Amino acid sequence: MANASLMYITLSFYTMIKSSTPIWVLVFAFFFRLEKPRMSLILIIGVIVIGVVLTVAGETQFDVMGFVLVLLAAVMSGLRWSLTQMLLQKDQLGMDNPVATLYYITPIMFVIMSILSLVIEDPFVQFASSEFFIDFRTGVLTIMMAGGGGLLAFAMTVAEFKLIKNTGTVTLSVAGISKEIVVISLSMMIFGDQLTFVNLLGLMVSIGGIMAYNYDKIRKLQQNTLGSGDYEVLGRHHKGDNTD
């Protein structure tokens, strides 16, 4: 759905709508009890929602089909990361590290994507008529570029799974919006995508939400660290009292 939406909308608009993924990650994290509802967290996600709404309102090349496809892709992404966290954080399932998880889920993904490609895209006809395979040199270059992108995607997925294992899906999705900012900047420089003032305002609001989330996460970690430190000191005092 995400790739199909690019047939109807610009890369920058796609990226801005895809940045709504933290909203759906949080919804599914609450549903599967992976994250405890906190008012501060809900408010922060609300800020990101406002930013996404502003980006949609300011889009001059809006297309309903493209918007629906990329929004559904964001929802499915939220569900995917929540289910991935459930797998990674249950050691008894044997998927306690990123490589083991990829070992089990990659074959299923390959089969599903191959079937969809054969049914929808008819790849053999595409290869025969595509300008990317017009001659041997161009074909080799295309395969090398696709292979390089595949290696980068593999490394990124391993890093994402490791982050989910150690933190959670909400942290991954919110921190990942920094990638979306880079994509938007590159789409403006390379493809000449135009952003309106409302687009930029929505992007800035979303960035503000990301910064607020990171601050909230750091503060919570500091509180937990201080709490555990106080407990250790208190335990030592009790041991000292018992020895006396």
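The shown structure was predicted, so the numbers you read here are calculated from the model rather than taken from an experiment.
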query: Could you walk me through whether Phe28 and Leu83 pass the side-chain contact (heavy atoms from CB on, under 4.5 Å) check?
result: CA-CA 9 Å; Phe28 288 113; Leu83 294 176; over 6 Å; no

message: Would you say Tyr8 ends up clustered with Val64 if hydrophobic residues are merged whenever their side chains have heavy atoms under 4.5 Å apart, either directly or through other cluster members?
response: yes

field: Residues, nucleotides or ligands: over 12 heavy atoms within 6.0 Å of Ile134 CD1
entry: no

statement: The ring pair (Phe, Tyr, Trp, His ring centres under 6.0 Å) partners of Phe32 (sequence neighbours excluded) come to none

query: Should Leu79 and Val75 be marked as a side-chain contact (heavy atoms from CB on, under 4.5 Å) after you check the CA-CA gap, both sets of side-chain angles, and the distance that decides it?
result: CA-CA 7 Å; Leu79 177 60; Val75 175; 5.9 Å; no

message: Please enumerate all residues that pass side-chain contact (heavy atoms from CB on, under 4.5 Å) together with Leu151, with sequence neighbours excluded.
response: none

message: Test of understanding: clusters of I, L, V, M, F, W, Y form through side-chain heavy atoms closer than 4.5 Å, transitively. Do Phe67 and Ile9 belong to the same one?
response: yes

- request: Check whether any side-chain heavy atom of Thr142 sits under 4.5 Å from a side-chain heavy atom of Phe133, and report yes or no.
  value: yes

- request: Could you grab the distance from atom CE of Met109 to atom OG1 of Thr157, nearest 0.5 Å is fine?
  value: 7.0 Å

- prompt: Going hydrophobic residue to hydrophobic residue with side-chain gaps under 4.5 angstrom, can you get from Met39 over to Val47?
  reply: no

- prompt: With respect to Ser5, which candidate in Leu72, Leu71, Val70 satisfies the side chain to side chain contact (heavy atoms under 4.5 Å, CB included) definition?
  reply: Val70

task: Output yes when a side-chain donor or acceptor of Ser77 lies under 3.5 Å from a complementary backbone atom of Ala73, and no otherwise.
output: no

- prompt: Transitively linked via ILVMFWY side-chain contacts under 4.5 Å: Val111 with Ile108?
  reply: yes

query: Between the main-chain N or O of Phe132 and the side-chain N or O of Thr138, is there a donor-acceptor pair closer than 3.5 Å?
result: no

- request: Identify, with sequence neighbours excluded, every residue that meets side-chain contact (heavy atoms from CB on, under 4.5 Å) alongside Met145.
  value: Leu141

statement: Interatomic distance, CH2@Trp24 vs OG@Ser82, rounded to 0.5 Å, equals 12.5 Å

task: Give a yes or no on whether Met65 atom CE has more than 12 heavy-atom contacts from other residues, nucleotides or ligands under 6.0 Å away.
output: no

